[in-house]
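Every heavy atom of this structure was used, including side-chain atoms; hydrogens, water molecules and symmetry mates were not. A note on names: the letters A, B, ... follow the listed sequences, proteins ahead of strands, and every chain is numbered from 1.
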Amino acid sequence: MSGFLAVLVIVLIFIVIFQIAKASEYVSILKGEKKARQQSNRINGFLLIAFLVLGLIGVYYCNNLLKGKILGESASVQGEGVDTLIYVTLAITGVVFVGTQILLFWFAFKYQEKEGRKAFYFPHNNRLEVIWTVIPAIALTVLVAFGLKHWFQLTSDAPKDAAVVEITGKQFNWLIRYPGKDGALGRRDFKKIDEAASNPLGMDWDDQLGKDDFMATEVHLVVGKPVKFVIGSRDVIHDVGLPQFRMKMDAVPGIPTTLWFTPKFTTKQMKEKTGNPDFTYEISCDQMCGSGHYSMRGVIVVETQAEYDAWVAKQPLQYSLAHPAPAEAPKADSTQKTVAANIGKP
Amino acid sequence: MSNEATLHSQQEVMHGAHDHHDHEHHHEDNFISKYVFSLDHKMIAKQFLITGIVWAIIGAFFSVVFRLQLGFPDATFPWLESILGHWAKGGRITPEAYYALVTMHGTILVFFVLTAGLSGTFSNLLIPLQVGARDMASPFMNCLSYWFFFLASLVMMASLFVQTGPASGGWTMYPPLSALGDASIGSKIGVDLWLISMALFVVSQLLGGLNYISTLLNMRTKGMSMTKMPLTIWSFFFTAVLGVLSFPVLLSGFILLLMDRHAGTSFYLSDIFIAGKALANEGGSAILYQHLFWFLGHPEVYIIILPAMGMVSEVLAVSSRKPIFGYLAMIGSLFAICILAFLVWAHHMFVTGLNPFLGAFFVLLTLLIAVPSAIKVFNWLTTIWKGNIRFTPASLFSIGFVSTFISGGLTGIWLGNSSIDIHLHDTYFVIAHFHIVMGVSAFFGMFAGIYHWFPKMYGRFMNNTIGYIHFWVTLIGAYLIFWPMHYEGMAGMPRRYFDYSSWTSFNQFGGLNQFISIVVILVFATQLLFVFNFFYSIFKGRKLTEQNPWKATSLEWTTPINPGHGNWPGEIPEVHRWAYDYSKDGRDFIPQTEPIGPNESAH
């Protein structure tokens, strides 16, 4: 019923607008084309300048309203560079934005058609063209130079002492693997994937390097210590998006990718900094991956070295989950299933 | 389509050349040859336009439906279930339906409305009229171009009604998601239909594009040298060149995708474990598709925006009663954009694991595009400076175009810089950027074109008052919708999410999303008002009483109010000057057909 009423109201508004529009057409014919044009010109000229003023106020108001809701300070050392670049770019584009919009609407208002005004025949001027070719070119060169400096820093090789975490996307969650004590990830092959046998990544159990690898449901990182993510996918393209760290990298099946950064604040510190007790570092999937794309959430916990060590000590090795000791088979079997189920949970 | 029809029309065209006044009475077109399989470029333009309008309503309606989900994730709308059935059980659309809607919204708006509906309409209408030709180089190919587009439309429309739904992997259709039916319900027959439809669409674009290029290179009237052509024609020229060179690459990408789907090849597939089993495919690269796709995909955004730029340049000059400022610089910047358009595609792929060294070149070339774009903006500003501007709906939309082109273009400088793109990639910032610069701007250019050339198309005016309402609501609404999205993007809020409520990083925008959705509904309703105005005015609009209602210099206004097939009843007029002699030597305007006077100052 309310839907019907809404449609009725819209149709009525349409009819009213249409009748007014039709009437004004007749009036303008009666008044003469020239007079009608002058009148609508005055109205639209006023509206243009009003739009400019209200629009700029709106931009300011919108900024005040929303600036507290976007991300605060970068939570990674590398992200600071990105933020600086954003501010520099904002300053340059902001000046151009305000300047050109003012010129556009001011000119439109000022040079609206008036009785007796003659337009100025001004077809070209090479000096002006050169000015507005060269100045943007210089400004852009500066931005490119700054941008590339950061780009090469961000995409450089991770430091040798960086921790390694492997993140593999699948519809619709993340599989997280740590290399264990030896610091090296074991070999894997997608043909060996067997969810039922606690091997969701297809680890090759003949590889000694993999024997001490463990899997987790959350990423745990040590504050202040660089970490390198080795990113892959089991099925379609996903993307590891880390908004607080200003990092992002696609997860492509068959082509491993990497990114690295140094977290600056622990999760606890961020809760205090943001005043939000629910604050969580999240991994968002940023590449359309199917119907569960929006729910592909991962959690990162940044903590102190001591907290991290305590957490690692509690993590069962994936090898032992996949190879339960025969003696305590029934019991181990049930834990294995829980962990496997957790890992497989969307 | 028979040869007979072709011959018939050629005869008619020849007739037009020799016969003066009475040729219109000579023959009678039947309904089929006049309105359906017409060979007249003006009728084909109208066919493109009206098909585009129908698609635009469908595509925009889809956005209203998914905006309802984004703005009111907890509400239910029982009427949705009545139109979408099990895709909206209980009045709330399913994630599958949501992804199908966003995918179709993108495909429809980018290809069917802003490519076919925009350049299809105005290239067809204006190229012969403004260069002084009786019709296209090949009217038959032109007719085929439309009907291939129509077939593409039918197939795409059919895909909306199949059991498993239309393609739903995003309009970019990245594999492996689009290649594997097991990965998504929309990747079953929906993607096949999508690929077939797009293949037909590419054929349509190539037929049209080759025709536009050959017509404007070979069939210009006497005296119409390339540098006397209006900027509209230059922009259609570069648009057609872009399309002809890049659409085949897209088609090759689609063929490989089709083979991966059905012929067991592994162009894009490798190391995949899905639906409980490992696939045999090895050695393919999912990134290869992205290179092929964006090699068209990026020029495509210029295919969309260049015609709008050309029409805005023309309308601004006419309504300011001033020559367009820096005509040669305008052509030069179009040319520069056209070349650079082919060299920047990988800026869509900065976070795919692209070699950073290669990425650096794409940063440089991408930001370089800002230079010709800046030249164009400053030239438009100088064109209206010291003018005598008449605010017709067309000129208002042109001013709106410049405004949104600036706003959306400047954020391109953010995204083109790879370091910033890492943070903003695939967030609402990108949505805001491209909707403002190639969605809203291109639509503003298209509206400017429709309001300005409607009298040429139908011999009647559209209603001005509705036009003004349409402009103001759309301009204000567009900024209200897309401006705040920049902030959501700065917070890293990913695009293509069905629901944000379970995220602590992105759930702070609930109220804002609601506000945006309400504005979307208002703006959509206003577009319906425009559509009504358009169709009503075709039949009931105020009639044109003079040949040249806008006092413009270009050739299309030298034709009769309702030109027949062949455009000019007598000889095609000869051209003596460029199209921008407004307010020269104290005269309001001097038509292109007027010879240069002995005492006239040089421009």
Side-chain angles (χ1 to χ4, degrees), chain A residues 3 10 21 24-25 41 44 62 66 69-71 82 85-86 89 93 97 100 103-104 107-108 111-113 117 119-121 123-124 129 132-133 136-137 140 144 147-148 150-151 154-155 190-191 193 234-237 243 246 248-250 252-254 257 278 280 282 284 286 288 290-291 294, chain B residues 79 95-96 170 176-177 183-184 270-274 278 286 321-323 326 329 351-353 356 360 364 367 370-371 374 378 381 384-391 399 402 406 410 414 417-419 422-423 425-426 463 465-466 487 490-492 494 496-499 504-505 508 583-584 603:
Chain A
I10 291 171
S24 68
E25 195 94 329
N41 237 40
N44 282 301
C62 178
L66 296 176
K69 291 192 174 180
I70 60 175
L71 301 174
V82 175
L85 192 60
I86 286 180
T89 312
T93 54
F97 171 79
T100 47
L103 287 182
L104 175 68
F107 285 171
Y111 299 109
Q112 58 181 291
E113 184 181 28
R117 191 209 302 281
F120 174 47
Y121 185 78
H124 56 86
E129 300 283 2
W132 54 60
T133 307
L140 290 166
V144 169
L148 291 184
H150 290 298
W151 170 244
L154 293 169
T155 54
F190 76 104
K191 287 182 182 143
I193 292 171
R234 235 175 62 167
D235 38 41
V236 303
I237 301 178
R246 315 285 192 263
K248 196 169 285 161
M249 182 53 80
D250 277 359
V252 186
T257 54
D278 299 327
T280 323
E282 289 173 314
S284 57
D286 280 340
M288 173 69 199
S291 62
Y294 67 97
Chain B
W79 58 272
E96 287 80 8
L177 181 63
S184 153
S270 188
D271 296 26
I272 290 166
F273 180 91
I274 200 159
R321 315 310 298 162
K322 267 190 71 186
V351 300
T352 55
L364 179 68
L367 293 209
V371 175
F378 287 117
L381 291 177
I384 62 171
W385 176 70
K386 287 199 173 183
N388 198 18
I389 312 166
R390 295 171 186 175
F391 297 125
I399 292 167
V402 178
I406 294 169
L410 287 171
W414 295 50
N417 218 336
S418 52
S419 313
I422 292 177
H423 178 51
H425 193 90
D426 268 339
N463 183 297
T465 312
I466 300 183
Y487 289 85
M490 292 287 279
R496 293 175 174 154
Y497 270 27
F498 170 70
D499 188 357
T504 57
S505 310
Q508 69 270 41
S583 302
K584 189 186 184 191
H603 75 70

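Side-chain atoms of B:Asp271 do not come within 3.5 Å of backbone N or O of A:Val252 as any donor-acceptor pair. At distances below 3.5 Å, not a single donor-acceptor pair connects side-chain atoms of B:Ser419 with backbone N or O atoms of A:Val82. Distance alone, capped at 3.5 Å, is enough to place a donor-acceptor pair between the A:Glu282 side chain and the B:Ser505 backbone. Under the 3.5 Å distance criterion, the side-chain polar atoms of A:Lys69 are matched with a main-chain donor or acceptor of B:Gln508. Panel note: side chain B:Lys322, backbone A:Ala119; no donor-acceptor pair is recorded below 3.5 Å. Checked by atom type and distance alone, the side chain of B:Lys584 never pairs as donor or acceptor with a backbone atom of A:Tyr121 at under 3.5 Å.
Shown here for B:Pro356 and A:Thr155, the closest heavy-atom pair between the two residues is CB-OG1, 3.3 Å. Among all heavy-atom pairs drawn from A:Asp286 and B:Pro494, the shortest one is OD1-CB, 3.0 Å. For B:Pro176 against A:Pro253, the heavy-atom pair with the smallest separation is CG-CG, 3.7 Å. Nearest heavy-atom pair, A:Leu140 versus B:Val371, reported as atom, atom and distance to 0.1 Å: CD1-CG2, 3.7 Å. Considering all non-hydrogen atoms of both residues, B:Thr504 and A:Asp278 come closest at CG2-O, 3.5 Å. Of all heavy-atom pairs between A:Asn41 and B:Phe391, the closest is OD1-N, 2.7 Å.
For A:Thr257, the part lying near chain B is the side chain, with the backbone staying farther off; criterion is any non-hydrogen pair under 4.5 Å. Within the 4.5 angstrom heavy-atom criterion, only side-chain atoms of B:Asn417, from C-beta onward, approach chain A. Contact annotation for B:Trp79: neither backbone nor side-chain heavy atoms come within less than 4.5 Å of a heavy atom of chain A. Both the backbone and the side chain of A:Ile193 come within less than 4.5 Å of a heavy atom in chain B.
Taking CD of A:Glu113 as the reference point, atom CZ of B:Arg390 lies at 4.5 Å (rounded to 0.5 Å).
The shortest side-chain heavy-atom distance between A:Ile237 and B:Leu177 does not fall under the 4.5 Å cut-off. Contact of the B:Ile422 side chain with the A:Arg246 side chain is not registered, since no non-hydrogen atoms from C-beta on lie closer than 4.5 Å.
For chain B, the option among A:Gly254, A:Ala21, A:Pro243, A:Gly147 with the highest count of heavy-atom pairs below 4.5 Å is A:Ala21. Across B:Glu96, B:His425, B:Lys386, B:Arg321, the residue that shares the most heavy-atom pairs under 4.5 angstrom with chain A is B:Lys386. Between chain A and the residues B:Leu367, B:Val402, B:Ile466, B:Ile274, the largest count of heavy-atom pairs under 4.5 Å involves B:Leu367. For chain B, the option among A:Phe120, A:Trp151, A:Phe107 with the highest count of heavy-atom pairs below 4.5 Å is A:Trp151.
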Worked verdict on A:Cys62 versus B:Tyr487 for side-chain contact (heavy atoms from CB on, under 4.5 Å): CA-CA 9 Å; A:Cys62 178; B:Tyr487 289 85; 3.8 Å; yes
A:Gln112/B:Asn388 under side-chain contact (heavy atoms from CB on, under 4.5 Å): CA gap, chis, key distance, verdict: CA-CA 5 Å; A:Gln112 58 181 291; B:Asn388 198 18; over 6 Å; no
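Ring pair A:Tyr294/B:Tyr497: centre-to-centre distance not below 6.0 Å.
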